[in-house]
Amino acid sequence: MSTHQPPMPQAPGAPDWQAAPGGSYPGYTSPIPVVRTHLGHAVASEWTKIRSVRSTIWTLSVFVFLVVGIGLLVGALVSAHASESSLSGTNPLSFGFFGLLVGNMCVITLGVLTTASEYGTGMIRTTMTACPSRGRVLAAKAIVFFVVAFVVSLVSVTFVAMVQSSMLSGSGTESPSGGAWLKATVGVSLYMALLGLLALFVGSIIRHSAGGITIMIGLVLAPLVLALFMATESLHSVRDFLFEYSFPSQLGVFYDSTLSGSGPRGWDPLWIMLGLAAVAGAGAYALLRNRDV
C-alpha cells in the first residue's frame with residue numbers, strides 16, 4: 001500500500017503556485033484553467049468545422065450558382081420573349097422559384113453531410129469525447145447549419161428578386177407588395193434552412209451520407225412523381241393531396257403560385273416544415289442518446 005509523499009521543495013525562483021481548493025497535493029495547482037463549458041463553446045467548435053471543410057464551400061457555391069444563374073437566366077428569357085399582355089398581373093418575384101427548385105439539392109446535401117460525414121470518418125468519437133453532452137452537440141450543429149443556410153439563401157434570393165424586379169419592371173408585371181417581398185425573400189430562406197435542418201436530423205438518424213441524401217431526395221421528389229402517375233379516378237383524392245403537399249407546390253406558395261388550386265396558403269408551408277424538422281430532431285436526439293457512437 002503506497003504512502004502519501006510530501007511535496008518536493010520548490011527551486012529558487014520558481015512560481016509560487018497556490019494549492020487548489022480540495023487538492024490532494026498542497027502547494028501545487030494546475031496551470032491549465034478549468035472552465036465550465038456551455039452551448040457557446042459547442043457552437044464555436046461546430047462553426048470551425050463547417051467553415052473549414054471543403055464540402056461546405058462546394059455545396060454552397062453550387063447552390064448560389066444555381067439559384068442566381070437560373071433565376072437571372074429565366075428573368076432574361078422572360079423579359080426578352082414574353083409580351084406585356086402575357087405578363088399582365090404577374091408577380092416578377094415568382095421567377096426566382098426555378099433556381100430554388102434545383103438548388104434545394106445542395107442544401108439537402110450539406111445538411112446530411114453536417115452530421116453523417118462524422119460517422120463515416122470516425123470524427124464523431126472525438127466530438128463526443130470533447131463534448132460528452134450529446135444533446136448539446138446536436139443543438140450546436142443545428143444552430144450553426146440553420147444560420148449558415150438561412151444567410152446564404154437570403155442573400156441569394158434577395159439578389160435574384162431585386163434583379164428580376166428591375167428587369168421586368170416595364171414588361172406589364174405588377175409591382176410586388178411588401179408582403180410579397182417578405183415571403184419571397186425571408187419566407188423562402190427560412191423554408192430552405194428548415195429543409196436543410198430536416199436533412200441534418202435525417203443524417204444523424206441514418207448515420208450514412210449516401211443513405212441520408214437518397215432518403216431526402218426521395219422525400220422531396222416522390223410525392224410529385226407518384227401523383228403524376230395516378231391517373232385513375234379512384235385515386236383522385238390521393239393525387240390531389242400529393243400535389244398540394246409536394247415540395248414544388250409548397251415552395252410555390254411563397255410566390256403565390258401552386259400546382260393546385262387548393263392546399264396550404266400564406267405561411268403554412270413554413271409551419272409544416274417546422275413541424276417535420278421538430279419531429280425528426282426529437283427522433284435524432286433520442287437515438288443519439290441511446291446508441292453508441
Apply salt bridge (Lys or Arg N to Asp or Glu O under 4.0 Å) to R265 and E244, showing your working. CA-CA 10 Å; R265 288 290 182 269; E244 292 168 1; over 6 Å; no
So does [Y] get a backbone contact from the side chain of [X], meaning a donor-acceptor N/O pair under 3.5 Å?
X	Y	result
R291	I205	yes
R239	M230	yes
S189	L154	yes
T214	A210	yes
T56	I50	yes
S45	H41	no
N104	L101	yes
T115	L200	yes
R134	L288	yes
S165	A161	no

Interatomic spacing from [atom1] in [X] to [atom2] in [Y] - rounded to 0.5 Å:
X	Y	atom1	atom2	result
I143	R136	CD1	CZ	11.5 Å
S204	Y119	OG	OH	4.5 Å
L270	Q250	CG	CD	10.5 Å
L251	L100	CG	CG	5.5 Å
T109	M105	OG1	CE	8.5 Å

Step by step, work out the side chain to side chain contact (heavy atoms under 4.5 Å, CB included) result for L190 and F146. CA-CA 9 Å; L190 288 172; F146 182 85; 3.9 Å; yes
Mind checking whether [X] and [Y] sit in one hydrophobic cluster, side chains of I, L, V, M, F, W, Y counted as touching below 4.5 Å?
X	Y	result
L77	L93	no
V157	L73	no
L194	W267	yes
L221	V102	yes
V220	L113	no

Report the C-alpha distance between E46 and V137 in whole Å, list the side-chain angles of each, state the deciding distance to 0.1 Å, and finish with yes or no for side chain to side chain contact (heavy atoms under 4.5 Å, CB included). CA-CA 8 Å; E46 294 302 327; V137 170; 4.2 Å; yes
Side chains of [X] and [Y]: closer than 4.5 Å at any heavy-atom pair?
X	Y	answer
I70	F65	no
L287	R207	no
L224	L242	no
V43	V144	yes
W58	C106	no
W181	M162	yes

Member of F254, F97, F150 meeting the ring pair (Phe, Tyr, Trp, His ring centres under 6.0 Å) criterion with Y191: F254
Run the side-chain contact (heavy atoms from CB on, under 4.5 Å) test against V160 and tell me which residues pass, sequence neighbours left out. V67, V68, Q164
Yes or no on side chain to side chain contact (heavy atoms under 4.5 Å, CB included) for V188 and Y255, after CA distance, side-chain angles and deciding distance? CA-CA 9 Å; V188 164; Y255 299 104; 3.7 Å; yes
Angle between ring planes, F98 versus F95, binned at 30° and 60°: parallel, tilted or perpendicular?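 Parallel, since the angle between the ring planes stays under 30°.
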List the steps, then state whether side chain to side chain contact (heavy atoms under 4.5 Å, CB included) holds for V107 with F145. CA-CA 10 Å; V107 178; F145 173 82; 4.2 Å; yes
Salt-bridge present (K141, E118; N to O < 4.0 Å): yes
Pair T114, K49: side-chain N/O donor-acceptor within cut-off below 3.5 Å: no
What pairs meet the side-chain hydrogen bond (donor to acceptor under 3.5 Å, both in side chains) rule with one or both residues in residues 272-283, with sequence neighbours excluded?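 Residue pairs passing side-chain hydrogen bond (donor to acceptor under 3.5 Å, both in side chains), neighbours aside: none found.
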